[in-house]
Amino acid sequence: MRVIFAASEIAPYAKTGGLADVAGSLPKALQRKGAEVLTVLPRYGTIPHHQRVLDRLEVPFAFETKSASVWSDDKHGFPVYFIDLPEYFVRPGIYGDSSGTEYRDNAERFGFFSRAVLELTRRIGFKPDIVHGNDWQTGLLPLYLHRNLGNDPYFAGTGSLFTIHNLAYQGLFDPSLLPRLGLGREVYDPVSGIEFHGAASSLKAGIIAATAVSTVSRRYALEIQTPEYGCRLDGLLRSRHHDLVGILNGVDYDDWDPRRDPFLARNYSPEDLSGKEACRQDLLRDFQLSGDAAWPIVGCISRLVDQKGFDLISEIAGRMMQLGLYFVVLGSGDRGLESFFQALRDAHPDRVGVYIGFNHELAHKIEAGADLFLMPSKYEPCGLNQMYSLRYGTVPIVRATGGLDDTVQDFDRSTLQGNGFKFFDYEANRLLEKIYEALLVYADRPLWEILMRNGMTADFSWDRSALEYLDVYARLRSAVTI
Ligand code: ADP
């Protein structure tokens, strides 16, 4: 099974969120199961030139032939190819500048990347069985494959899978750009094409054109077929429900395991939890927090965006700070939310720690040092942080949506089953009730350790999910060759 896996973020090379973690670990897991996977990423300015593969990759695009160079690296256990065209990819950010403004030519940048991926496979003689695109940035990839190159014998028998990691980001662009992207006006159709309420949609392109569509949890696969979660694409997704599958993301325990995490003050495991106390103290020191050492630390690591339930957190923050606890937040994004957390810290400097920015090491230290992890998302396609938290014995408090619902079970004190705290209605008081409940269990140390261990011993590794992907690939291959 030969797979081309294309993404706009791959950890550790480029990351803004969970897509990078998935793209940096699923290909490894697929390889372990015997697939031959080639991952492709744009070479952003922050990524050094690795090994040169091609001086000139000629890509027909934007009324001309653009020439990119291609580099590769395999230092992280899987081969990655980088498409290098500085005019598109050497910029201060991946999707936009530091003020948070998206680049105006994003559809063109990632359209080029998608087109280049297909040209690359031909040039290096890697004839794929499956082309696997991820999110709107590679939404045009299946469209180019099946429409522009549909009669190309090189791609005869190549199927495509398009994975939705977040339906809300759609890569909309002005339809006047279509010719520049090498697409005819006929693709601009509301029913059979990529028209979306007066704009062209890269995400919709992936959904309509790919042989099959997947998303990153079972629950989210169902939710996106409803008006509430469907981002106005629920009708289209319902029409494709036979080709739509939900496969839960896995965790790369090489990177996220307190037994061997190099960033921790002390390692620990479900058999010996003592190191966690050292991690707690380390975190309190990092943020210069002081108070009662026995208070629980509530952690939160997130893109600061509306999706993650910050309106609920803001609503209860005052009441939460009347409880005996510390609160540590790592994130960046919405300027209003950044200021909100900074103000909360200024009001409670001994008990609230805030780091605005992206900090990989600190993310590990919070996962280990915190006792509770807040993730009250409005929607959550899969969510990785709650799975990392479970492994680190940091009990998640989540809202029952998407992957959070699939991975967190509400703790039951009588049966001792469950690995976290979960509420259903998107309401601030429901979140606060779960925090109260968590603090009650926290006060009973033996009970708390049972709850911690329930999470720490669960297995969310990629093994099972990688097999599910291979199964989908196999079905796609037979579907397109029959
Ligand atoms: P999403 O993909 O919606 O951002 P996930 O929970 O799936 O949410 O994945 C988020 C990933 O990004 C996790 O690996 C998390 O640790 C990381 N992350 C988010 N914000 C930050 C930050 N400010 N600093 C470091 N890591 C972050």
Side-chain angles (χ1 to χ4, degrees), residues 7-26 93-95 98 100 134-137 163-169 215-217 219-220 229 231 246-258 261 263 283 286-287 299-310 328-335 337-338 341-342 353-370 373-392 394 396-399 401-408 420 460 462 465:
S8 59
E9 302 182 20
I10 300 179
Y13 303 98
K15 170 166 169 172
T16 69
L19 169 62
D21 296 29
V22 173
S25 50
L26 172 58
I94 296 182
Y95 308 123
S98 55
N134 296 278
D135 273 352
W136 72 262
Q137 296 86 345
T163 299
I164 300 167
H165 298 260
N166 194 327
L167 191 69
Y169 297 88
T215 187
V216 288
S217 68
R219 178 69 198 269
Y220 193 60
Y229 293 94
C231 300
I247 303 176
L248 191 71
N249 284 336
V251 173
D252 188 342
Y253 289 127
D254 290 343
D255 286 339
W256 294 95
D257 189 339
D261 189 326
F263 297 118
L283 190 61
D286 273 357
F287 281 101
C300 180
I301 305 166
S302 184
R303 292 181 298 117
L304 299 182
V305 291
D306 187 47
Q307 168 201 342
K308 303 288 180 176
F310 287 111
V328 168
V329 179
L330 163 63
S332 65
D334 183 284
R335 295 287 181 269
L337 288 170
E338 292 181 359
F341 283 116
Q342 281 161 333
V354 174
Y355 183 106
I356 300 297
F358 198 90
N359 187 326
H360 185 63
E361 176 173 350
L362 187 56
H364 284 254
K365 293 177 95 172
I366 294 176
E367 285 295 1
F373 196 91
L374 281 194
M375 224 167 153
S377 303
K378 212 172 260 175
Y379 71 92
E380 193 61 70
C382 176
L384 293 168
N385 274 315
Q386 85 281 12
M387 293 195 274
Y388 301 156
S389 299
L390 289 169
R391 188 59 152 203
Y392 282 72
T394 302
I397 300 182
V398 305
R399 175 163 173 264
T401 181
L404 297 175
D405 198 26
D406 287 354
T407 54
V408 176
F460 292 106
W462 271 108
S465 299

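Read the numbers this way: they start at 1 and go in the same order the structure lists the ligands and their atoms.
In this structure, the side chains of Trp462 and Asn249 come closer than 4.5 Å at one or more pairs of heavy atoms. Looking at heavy atoms from C-beta onward, Phe460 lies in side-chain contact with Tyr253 at the 4.5 angstrom threshold. Counting heavy atoms from C-beta outward, Thr401 and Tyr229 have side chains that approach closer than 4.5 Å. Proximity of Phe310 to Ser302: side-chain heavy atoms (C-beta onward) are separated by under 4.5 Å at one or more points. The shortest distance between side-chain heavy atoms of Glu380 and Ser217 does not fall below 4.5 Å. Between Ile301 and Phe373, some side-chain heavy-atom pair lies under the 4.5 Å cut-off. The shortest side-chain heavy-atom distance between Asp135 and Leu19 falls under the 4.5 Å cut-off.
At least one heavy atom of Lys15 sits under 4.0 Å from some atom of ligand 1. The shortest heavy-atom distance from Tyr388 to ligand 1 is under 4.0 Å. Contact analysis puts Gly383 in contact with ligand 1, with a non-hydrogen atom separation below 4.0 angstrom. A heavy-atom separation below 4.0 Å is not found between Ala11 and ligand 1.
Tyr220 and Asp405 share no donor-acceptor pair across their side chains, judged by distance under 3.5 Å alone. In this model, a donor atom of one side chain and an acceptor atom of the other lie less than 3.5 Å apart for Glu9 and Tyr95.
For Gly357, a nitrogen or oxygen atom sits less than 3.5 Å from a nitrogen or oxygen atom of ligand 1, counting backbone and side chain alike. Below 3.5 Å of separation, one finds no N or O of Ala363 facing any N or O of ligand 1. Of the N or O atoms in Asn385, one or more lie within a sub-3.5 Å distance of an N or O in ligand 1. Note: no N/O pair closer than 3.5 Å links His360 and ligand 1 by distance alone. Remark: ligand 1 and Asp21 share an N or O pair separated by less than 3.5 Å (distance only, no angle test). Where the criterion is an N or O separation shorter than 3.5 Å, residue side chain and backbone included, Leu19 fails it with respect to ligand 1.
The protein heavy-atom contact nearest to atom 5 (P) of ligand 1 is Leu384 N, 3.6 Å. Looking only at heavy atoms of the protein, atom 10 (C) of ligand 1 is closest to Gly18 N, 3.6 Å. Atom 1 (P) of ligand 1 has Lys308 NZ, 3.5 Å as its closest protein atom, hydrogens excluded (heavy atom only). The protein non-hydrogen atom at the shortest distance from atom 26 (N) of ligand 1 is Phe358 CZ, 3.4 Å. Among all protein heavy atoms, the one lying closest to atom 4 (O) of ligand 1 is Arg303 NE, 2.7 Å. For atom 24 (N) of ligand 1, the closest heavy atom belonging to the protein is Asn359 N, 3.0 Å.
Using cut-offs of 30° and 60° on the angle between ring planes, the pair His364 and Trp256 is parallel.
Against a heavy-atom cut-off of under 4.0 Å, Met375 is close to the following atoms of ligand 1: 6 (O). Atoms of ligand 1 lying under 4.0 Å from at least one heavy atom of Ser302, given by number and element, are 20 (N). Atom numbering of ligand 1 starts at 1 in the shown order; those under 4.0 Å from a heavy atom of Leu330 are 22 (C), 23 (N), 24 (N), 25 (C).
In this structure Asp255 satisfies the side chain to side chain contact (heavy atoms under 4.5 Å, CB included) test together with Asp252, sequence neighbours excluded. Residues that satisfy the side-chain hydrogen bond (donor to acceptor under 3.5 Å, both in side chains) test with Lys365, not counting sequence neighbours, are Asp282, Asp286.
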